[in-house]
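Protein chains get the first letters and strands the later ones, always in sequence-line order, with residue 1 at the start of each.
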Protein chains: 2
Amino acid sequence: MNLARTTSTTKGKECEAVPSDGKPGAVGVDPEQLWLRPTEPRRGRRPSFSREAITAAAVTLADAEGLEVVTMRRVAAEVGAGVMSLYSYAPDKETLLELMVDHVSGELTVTDPPSGDWRADLKTVAHLQRAHMLRHPWLPAALTTRRVPGPNTLAFLEHVLAVLRPTGLDGAAKLEVFAQLTAFVAGHVGHEIAQAAVSRSPDRAAAEGRYLAAVAADGSHPELAEALSAPGRPLTPEATFTRFLNRLIDGLDTD
Amino acid sequence: MNLARTTSTTKGKECEAVPSDGKPGAVGVDPEQLWLRPTEPRRGRRPSFSREAITAAAVTLADAEGLEVVTMRRVAAEVGAGVMSLYSYAPDKETLLELMVDHVSGELTVTDPPSGDWRADLKTVAHLQRAHMLRHPWLPAALTTRRVPGPNTLAFLEHVLAVLRPTGLDGAAKLEVFAQLTAFVAGHVGHEIAQAAVSRSPDRAAAEGRYLAAVAADGSHPELAEALSAPGRPLTPEATFTRFLNRLIDGLDTD
DNA sequence: CTCTATTCTCGTACGTCGTACGAGAATAGA
DNA sequence: TCTATTCTCGTACGACGTACGAGAATAGAG
């Protein structure tokens, strides 16, 4: 089997299997169409670009200026292609996003074999994920939609499963641990990034402080008033993350 | 002080304090402008609609058809207003979203006082939040952006802080527990919803199964192959949630 | 009452988005 | 050389968020 890591062509027309009803839990991209495409088509005009290059450009853009500037027009301009040319490499924008997520997951490659202490290994994995998401701040938001694991994500998953081997958990449980851990890290980092953004804007931070102070001052929120008046020493995001992560993982057992 | 729970007017023009630079961590709505507006303006034409009604319509829409159908045009149509009339009640769409989030948080009102067993209380709170998010499946996605707590959110926060009183944690730590717990629940439910959406589409579920089977079959992912071949008994989302939640909360201590 | 300042309503219009369509360019095998 | 195939991309469409400003409704002043 070949996981289509290399350039491969995906004509937009071909991907009409899933009608995508637009309901709350609308379902996204067909994984077989996306990741299992053979690299055969060696006829017709030779491609001028590559899925890799396009995806990389989109990632660079998102890293530098945020997910919202990743538009088909902008990505095309960055790559030097016509807008509609992108659709030869990804059937739609959602798929491009999926490609971006898996693309950056390539950075998560771990070479060290599991140490045998699966709790410690899991913590390392989580810290890796956190650093990864901080490097690509658009990731937590992009992960709220369901993603089909691409080759890079699968490689990482493979590593986590190996880490979990000593637990003796069954397959479904191991996969669940992976999903929950990722969701936990994404949730934390998403919050961490938003918090940092507020702090970076002094006007905004001040406005928020004044607002909360006003709320606390009117007597209807005594617990909040006390919490704000006795803040304790400020907590670094790193420390908070480690704290909660340790709680979560140390609590896991293998029953 | 009055938290503007009732109808209040917010002319779009007035909210130009924060330029909103569009950077990755762009900062949203001014809380003082949004939640602390006095209800004075008793002159000029009387409003034909209300912030409440508009927000409620938007929520109903999101619940029924998903966040992506919540457009200014659609909401206006639902309410029977002209599109631009909405801008008399919320300065922009992002603010409307913020209003929606706080609106549904009104359902989270808890009347029972804390029992004294803060771990049990916290678990109850988390289950409440999960049920809440399942009722409004757009919430996990909407919560990835930073929100300024509105009156309903503050009421709920107040309750959680009361629950945490016996822990003796300092203010910052309590607030952190609240944020982390919410992020955890949002992460879990987001995943749960997406998973359910895939399962609801048999074609899609089958395609995904075939894809993973193909990946597992080629030998390069032995751990995945084994996990898929020895799945164990299927886990209900409810059980998984409870499991991880208990790990997290039982691990919390008051040092 | 009339006048005026204020507030809300909403039709029109602009720029941007994702992307359907299809004409043309490039290439591989017959 | 011809033909089938594949890629490129200009044009165009409908939907989006929302700026603008003309008109309608209302409250207080005279």
query: Where is the tightest heavy-atom contact between A/Phe49 and A/Ser85, given as atom of each residue plus distance?
result: CE1-CB, 4.3 Å
statement: Closest non-hydrogen atoms of A/Leu157 and B/Leu224, given as atom of the first, atom of the second and distance, are CD2-CD1, 4.1 Å
A/Asp63 versus A/Arg135, closest heavy-atom pair with distance: OD1-O, 3.9 Å
statement: Considering only heavy side-chain atoms of A/Ala81, the closest of D/dC9, C/dC10, C/dC8 is D/dC9
message: Counting only side-chain nitrogens and oxygens, does B/Ser85 get under 4.0 Å of the OP1 or OP2 atom of C/dC10?
response: yes
task: Determine the contact category for A/Ala76: base if any of its heavy atoms lies under 4.0 Å from a base atom, sugar-phosphate if only primed atoms, P, OP1 or OP2 are that close, otherwise nothing.
output: nothing
- request: Could you tell me the separation between the CD atom of A/Glu94 and the P atom of C/dG18, rounded to a whole number of Å?
  value: 13 Å
- prompt: CZ of B/Arg51 versus C1' of C/dT9: gap in Å, rounded?
  reply: 18 Å
field: Non-hydrogen atoms of A/His221 and A/Val215 that approach each other most closely
entry: ND1-CG1, 3.5 Å
field: Paired stretches of DNA chain D - 3 or more consecutive Watson-Crick or G-U pairs, each distance under 3.5 Å
entry: C:1-7 with D:24-30, C:9-23 with D:8-22, C:25-30 with D:1-6
- prompt: For D/dC7, does either OP1 or OP2 sit under 4.0 Å from a side-chain N or O belonging to A/Ser48?
  reply: no
- prompt: Ring centroid separation for A/Phe241 and A/His127, is it under 6.0 angstrom?
  reply: yes
- prompt: Starting at CG of A/Asp92 and ending at P of C/dC21, how long is that distance when rounded to a whole Å?
  reply: 15 Å
query: If every non-hydrogen atom of A/Ala58 is compared with every non-hydrogen atom of A/Val75, which pair is closest and at what distance?
result: CB-CG2, 4.0 Å
message: Base, sugar-phosphate or nothing for A/Thr71? Non-hydrogen atoms, less than 4.0 Å.
response: sugar-phosphate
Length of the line joining B/Leu86:CG and C/dC8:P, which is rounded to integer Å: 14 Å
- prompt: If we ignore angles and hydrogens, is there a donor and acceptor under 3.5 Å between the side chains of A/Ser220 and A/Asp218?
  reply: yes
- request: In whole angstrom, give the distance that lies between atom NZ of B/Lys93 and atom P of C/dT16.
  value: 19 Å
Review item, nucleotides 24-27 of chain C N/O atoms under 3.5 Å of protein N/O:
unit_1: C/dA25; atom_1: N3; unit_2: A/Arg45; atom_2: NH1; d: 3.4

- prompt: Where the side chain of A/Met84 is concerned, which of C/dA20, C/dG18, C/dT9 is the nearest nucleotide?
  reply: C/dA20
- prompt: Do A/Thr240 and B/Gln180 get their side chains close enough for a donor-acceptor pair, meaning under 3.5 Å?
  reply: no
Nearest-angstrom distance from the residue atom CD of A/Glu68 to C1' of C/dT16: 14 Å
query: For A/Asp102 and A/Ser105, does a side-chain donor sit closer than 3.5 Å to a side-chain acceptor?
result: no
statement: From CG of A/Leu96 across to C1' of C/dC17 the rounded distance in Å is 15 Å
query: Do you know the tightest heavy-atom contact between B/Ala57 and B/Glu78?
result: CB-CB, 4.4 Å
task: Can you tell me the distance, in whole Å, between the OH atom of B/Tyr87 and the P atom of D/dC16?
output: 11 Å
query: Are A/Tyr89 and D/dT8 close enough that a side-chain N or O sits under 4.0 Å from OP1 or OP2?
result: yes
